[in-house]
There are 2 protein chains.
Amino acid sequence: MGVLHDAMTPKRSVPPRSTRQRQAVLSALHARGAFTSARDLHEALEADGVAIGLTTVYRALHVLNRTGRVDVIREKTGERLYRPRPEDGHRHYLVCRACGLSKVVEADAVERWAENVAEATGFAEVEHTVELTGVCGDCRVGPAARDSAG
Amino acid sequence: MGVLHDAMTPKRSVPPRSTRQRQAVLSALHARGAFTSARDLHEALEADGVAIGLTTVYRALHVLNRTGRVDVIREKTGERLYRPRPEDGHRHYLVCRACGLSKVVEADAVERWAENVAEATGFAEVEHTVELTGVCGDCRVGPAARDSAG
DNA sequence: GACCTTACGATAATGATTATCGTTTGCGAT
DNA sequence: ATCGCAAACGATAATCATTATCGTAAGGTC
């Protein structure tokens, strides 16, 4: 895993509806590319003239997470950050602390390690969260805040 | 690392004072053994007849974390959980979702992996957070809430 | 014991997330 | 097209952990 998700949501008899707001959230998320908070997303949407409630943004993000469209990580403050999930299904990120740039990283080694730990300890249903942060090459040379650019 | 910590606190010219409250927090933390929330700790202390403010519990935990006496992990809800750091300096835990039991696990493999990722991506000052959760053997057979027992 | 500083703690504020609940709307069936 | 109903919306209030404020208390050094 490596990112948070709603585990064990068994089945959804009724598929989620396609609403203007939900599409707007997903498209705004893609427009960003980088990890974005629900609040930022809401502001960006309203700035673009999209009428949408903050509650709905949260709801949309939950749904999109449940349906596997977005990944979630958590800031040190506890704030959740969202980003559209890349097609290949990778799920581990290395996030720049300075500009927010995120890279998908290979984590097969960690997957295997987690499985081994599960066996060795007798724990069941072991989930793991792996979050990497650092300072990217660009920010090392010039600590610029390219936050808004994405 | 694997647990949150106040990075880069450069130096502390004045050492923290030894107060009744701070000692009480540390001892209450040891009495628990397992990861405990600040609120639970505060309740336990007051139940033991220790007069202490919630604010002070938070402050004490911060100080103890800064001085390397306690480790911190974060729940899915964002709540912080504390526990005294074992002497050997290990820092990765596997926590039971049912009863809160925590086990220290070997994580050398993860340490090396994180370092490799740092090199491969050109990121600097890479920190990693690894949190494992699962259901321990006891809770698999009988899903008892041994929450208060520790 | 004085003094300076750190620590305390009651209270209020913060800030993200979730609950409530009446209204709106997607959408399959008619 | 329209009906009906559950899903979705959204304004507002609530929750809840954590942090800020600021006047008071108490380490510890002289």
Side-chain angles (χ1 to χ4, degrees), chain A residues 3-6 9 11-28 35-46 48-67 69-70 72-83, chain B residues 3-6 9 11-29 35-46 48-67 69-70 72-83 100:
Chain A
V3 287
L4 310 177
H5 63 105
D6 290 30
T9 302
K11 204 53 180 298
R12 183 141 297 261
S13 49
V14 184
R17 287 180 186 170
S18 167
T19 66
R20 156 182 82 76
Q21 292 94 335
R22 207 159 287 175
Q23 289 169 358
V25 167
L26 189 53
S27 108
F35 279 103
T36 312
S37 71
R39 191 177 39 74
D40 280 354
L41 219 45
H42 181 232
E43 277 180 20
L45 283 164
E46 296 221 306
D48 276 350
V50 178
I52 188 171
L54 178 56
T55 304
T56 303
V57 173
Y58 276 106
R59 253 193 304 244
L61 289 170
H62 285 173
V63 171
L64 291 168
N65 177 234
R66 248 202 322 268
T67 56
R69 311 288 291 275
V70 308
V72 188
I73 61 173
R74 200 192 297 276
E75 285 267 278
K76 288 200 171 176
T77 62
E79 190 182 30
R80 288 177 177 82
L81 301 182
Y82 304 83
R83 103 166 209 175
Chain B
V3 287
L4 310 178
H5 63 105
D6 290 31
T9 303
K11 203 54 180 296
R12 183 141 298 261
S13 49
V14 185
R17 285 181 188 170
S18 168
T19 66
R20 155 180 83 75
Q21 292 94 336
R22 210 158 284 175
Q23 290 169 359
V25 168
L26 189 53
S27 109
L29 210 49
F35 279 103
T36 312
S37 72
R39 190 177 39 73
D40 281 354
L41 218 44
H42 181 234
E43 276 179 19
L45 283 164
E46 296 222 307
D48 276 350
V50 178
I52 188 170
L54 178 56
T55 305
T56 302
V57 174
Y58 276 107
R59 252 194 303 244
L61 289 171
H62 285 173
V63 171
L64 290 168
N65 177 233
R66 244 199 328 263
T67 57
R69 311 288 293 275
V70 309
V72 189
I73 61 171
R74 200 192 297 276
E75 285 266 278
K76 290 201 172 178
T77 62
E79 191 181 28
R80 288 177 177 82
L81 301 182
Y82 304 82
R83 104 169 209 173

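Naming convention: chains lettered A, B, ... in sequence-line order (proteins, then strands); numbering from 1 in each chain.
Between the CZ atom of A/R59 and the P atom of D/dA7 there is a distance of 13 Å, rounded to whole Å. Counting to the nearest Å, the C1' atom of C/dT11 and the OH atom of B/Y58 are 15 Å from each other. Rounding to whole angstrom units, CD of residue A/E79 and C1' of C/dT14 are separated by 13 Å. Atom-to-atom, CG of B/L81 to P of D/dT18 comes out at 8 Å; the value is rounded to the nearest Å. One can place CG of B/L61 at 15 Å from C1' of C/dA7, the figure rounded to the nearest angstrom.
Regarding contacts with the backbone of C/dA16, every side-chain N or O of A/S37 stays at 4.0 angstrom or more from both OP1 and OP2. Contact check, B/T56 against C/dG9: a side-chain N or O comes under 4.0 Å of OP1 or OP2. In this structure, B/Q21 does not reach the C/dA7 phosphate: none of its side-chain N or O atoms is under 4.0 Å from OP1 or OP2. The phosphate of D/dG28 (OP1 or OP2) has no side-chain N or O of B/R17 nearer than 4.0 angstrom. When the side-chain nitrogen and oxygen atoms of A/R22 are compared with OP1 and OP2 of C/dG26, none of them lie within a distance under 4.0 Å. Remark: B/H62 is in phosphate contact with D/dT19, judged by side-chain N or O atoms under 4.0 Å from OP1 or OP2.
Side-chain to base pairing of A/R20 with C/dG26: no donor and acceptor N or O lie closer than 3.5 Å to each other. Interface remark: the A/R39 side chain does not form any donor-acceptor pair with the C/dA16 base, using a distance-only criterion of under 3.5 Å. Counting atom types as modelled, B/T55 pairs a side-chain N or O with a base atom of C/dT11 as donor and acceptor under 3.5 Å.
Taking every side-chain heavy atom of A/I52 into account, D/dG10 is the closest of C/dA16, D/dT19, D/dG10.
Residue contacts for A/A51: at a heavy-atom cut-off of 4.0 Å it reaches the sugar-phosphate backbone alone, with no base atom in range. Within the 4.0 angstrom heavy-atom criterion, no nucleotide atom of any strand lies near B/T77.
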